[in-house]
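To keep things clear, I will list the structure first and then write my remarks on it.
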Amino acid sequence: MTNIVVVGGGAGGMELLGKIGKKLGKNGKANITLVDISAYHIWKPLLHELAVGSLDEGLNAVDYRAHASKNGYKFEQGALTGVDRSNRKIILASMKDKNGVEILPERYIDYDYLVLGIGAITNDFGIPGVREHCEFLDLTEQAMTMRQKILNRFLQHAKKPDQGYFDITIVGAGATGTEMAAEMHHVADTLSGYGYEIAKDLLRINLIEASDRVMPSLKKECLYEAVDKQLRALGVNIMTNTIITEVTAEGMYTKEEWFIKSDMMIWAAGVKGPDILGTLDLEVNTMNRLIVHANCQSTTDERIFSFGDCAACPQPDGSYTPPRGQTARQMALLVGDNLIRLLKDKDAKLKDYLYKDLGGFVNMSKFYTVGNMFSFLGGGVAIKGCPARFVYASLYRRHILTIHGPIKGLLLLALNGVQSRLRPQLKLW
Ligand SMILES: Cc1cc2nc3c(=O)[nH]c(=O)nc-3n(C[C@H](O)[C@H](O)[C@H](O)COP(=O)(O)OP(=O)(O)OC[C@H]3O[C@@H](n4cnc5c(N)ncnc54)[C@H](O)[C@@H]3O)c2cc1C
């Protein structure tokens, strides 16, 4: 039987597995294996909510092994460290526990078709001190570690109010940075409600942006102006046209050699392909993303497909696909279609991927949401407030419905809705 190995069960990977698991795996047409570093899936656009405790992983995490058992594929936990292309095998690192004790040795998995969807990592642009001193939101584990640090810091302030301000610097005023700044205020408000005695002006957030405005990806002035206004109303200090040149344990230096003292630093200034991609002897671009043909096949090896943040797919206007949730979803589903075609006829003509910009949203926690819908239609329609929040929330609902199917998906969403009303607003451990 044909072996299909998918590495990366993220925003795109889970939707791909939902499709090929049902059409190929359950029908015995292919032997499908998912490989992921993590044991469970959380939709990455919600990682900042996980990092502050607004999102409860107990309610939202999808256990890969349980999902696999019901959806026509197998799951193998591990980190991809190499691909032996001549023997069509992938190599997984040995698995160790928290104390470094080996649980499983290095492993090999055979493939006939390999699909790489391992997402992106934060780009530190080689700036000294960023890797050592900043927090990143690339993996679920990083978000969980960040949550503990944030909550510990608030607890210290609640118990010892003379400790001064909690200075947070966030670099990058895109969706991750702006949403994170708003979430931090949500945490402070909620903890005050839980009896934490924290000063109203405890939080001092600097939001640093190299370009001349927040949300550079939003084209409409009314939208980025609304984000700017909301952040300023929360007291966020927005510093545009500011370039960071060095980070130390105490803060960061700008190009003009100003020092920004910080207790916590979050780096959200753009992404690049994970380092492993540059070691696989496959064509990558300067951002370390795998270059694929329009049909999502690697330009180096037609047995390898890639989608989402880790892939660069050429578009008719000469651009490459942007690293966004909707790109990952659309490309992953197209890879699914192409695999189904190839299994019917190995010489089948494959479909090409055409990026369709459906829009973008910024959800500033409970405070405000803005977005643009159907951007591919003459610039699209700007929406704000409750309608924007409804559409934003629908994107996650659609993801849940796609990966679980309509019945289980609706039941899970209903259960989640009830639980989120009964449980505390913040997860404090
Ligand atoms: C806080 C935040 C907010 C965001 N908000 C938005 C938004 O509003 N709109 C939007 O369009 N996009 C948003 N994004 C970007 C969006 O999340 C990504 O574009 C999308 O998740 C990419 O999907 P993917 O399937 O390519 O990769 P991912 O969803 O990142 O999945 C990659 C998977 O690969 C696994 N993996 C990584 N390395 C390895 C390895 N070596 N071996 C095995 N497994 C591996 C990971 O564990 C993960 O499960 C946001 C991102 C963040 C962090």
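Each ligand, and each atom within it, is numbered from 1 in the order the structure gives. Note that the structure is predicted; figures quoted are calculated from it, not measured.
Atoms of ligand 1 found under 4.0 Å from any heavy atom of L137 (numbered from 1 in listed order, with element): 53 (C). Against a heavy-atom cut-off of under 4.0 Å, T176 is close to the following atoms of ligand 1: 1 (C), 2 (C), 3 (C), 52 (C). For ligand 1, the atoms sitting less than 4.0 Å from at least one non-hydrogen atom of F307 are 25 (O), numbered in the order shown with element in parentheses. Per-residue contacts place G119 under 4.0 angstrom from the following atoms of ligand 1 (heavy atoms of the residue considered): 26 (O), 27 (O), 30 (O), 32 (C). Every atom of ligand 1 is numbered from 1 in the order shown, and the set under 4.0 Å from a heavy atom of G308 is 26 (O). Within ligand 1, counting atoms from 1 as listed, the ones closer than 4.0 Å to a heavy atom of A79 are 42 (N). Listed by number with element, the atoms of ligand 1 under 4.0 angstrom from any heavy atom of I37 are 38 (N), 39 (C), 40 (C), 42 (N), 43 (C), 44 (N), 45 (C). Heavy-atom contacts of R324 reach the following atoms of ligand 1: 11 (O), 19 (O) (cutoff under 4.0 Å).
In terms of polar-atom proximity, L80 is counted as a contact of ligand 1, with an N or O under 3.5 Å from an N or O of the ligand. Among the atoms of G8, none of the N or O lies under 3.5 angstrom from an N or O of ligand 1. For H48, no nitrogen or oxygen atom sits less than 3.5 Å from a nitrogen or oxygen atom of ligand 1, counting backbone and side chain alike. At least one N/O-N/O distance between D309 and ligand 1 falls below 3.5 Å. Some N or O of G12 is nearer than 3.5 Å to an N or O of ligand 1, by distance alone. Below 3.5 Å of separation, one finds an N or O of G325 facing an N or O of ligand 1.
Heavy atoms of F361 found under 4.0 angstrom from ligand 1 belong exclusively to the backbone. Residue contacts with ligand 1 for P323 involve N, CA, C or O but no side-chain atom from C-beta outward (heavy atoms, distance under 4.0 Å). Residue contacts with ligand 1, taken as heavy atom pairs separated by less than 4.0 Å, do not involve D138 at all.
Under the 3.5 Å distance criterion, with hydrogens and angles disregarded, no donor-acceptor pair is assigned to the side chains of T33 and E76.
Residue contacts with ligand 1 include Y64, since one of its heavy atoms falls under 4.0 Å from the ligand. Using a 4.0 angstrom heavy-atom cutoff, G360 does not count as in contact with ligand 1. For the ligand labelled ligand 1, residue G78 lies inside the 4.0 Å heavy-atom shell. Not a single heavy atom of P274 lies less than 4.0 angstrom from ligand 1.
The single protein non-hydrogen atom nearest to atom 24 (P) of ligand 1 is A328 CB, 3.9 Å, given as residue, atom name and distance. If you check which protein heavy atom lies closest to atom 6 (C) of ligand 1, you get P45 CB, 3.9 Å. When only non-hydrogen protein atoms are considered, atom 29 (O) of ligand 1 lies nearest to A11 N, 2.9 Å.
Partner of S54 under the side chain to side chain donor-acceptor pair (under 3.5 Å) criterion, chosen from H48, E183, E49, R147: E183.
Counting only heavy atoms from C-beta outward, the side chains of E179 and P45 never approach each other to under 4.5 Å. Counting heavy atoms from C-beta outward, L333 and E15 have side chains that approach closer than 4.5 Å.
A salt bridge is defined here as a Lys NZ or Arg NE, NH1 or NH2 lying under 4.0 Å from an Asp or Glu carboxylate O, and D337 with R341 fails to meet this definition.
Per-atom contact check: atom 9 (N) of ligand 1 does not touch the protein, criterion being a heavy-atom distance below 4.0 Å.
Ring planes of F166 and H157: parallel class, angle under 30° (limits at 30 and 60°).
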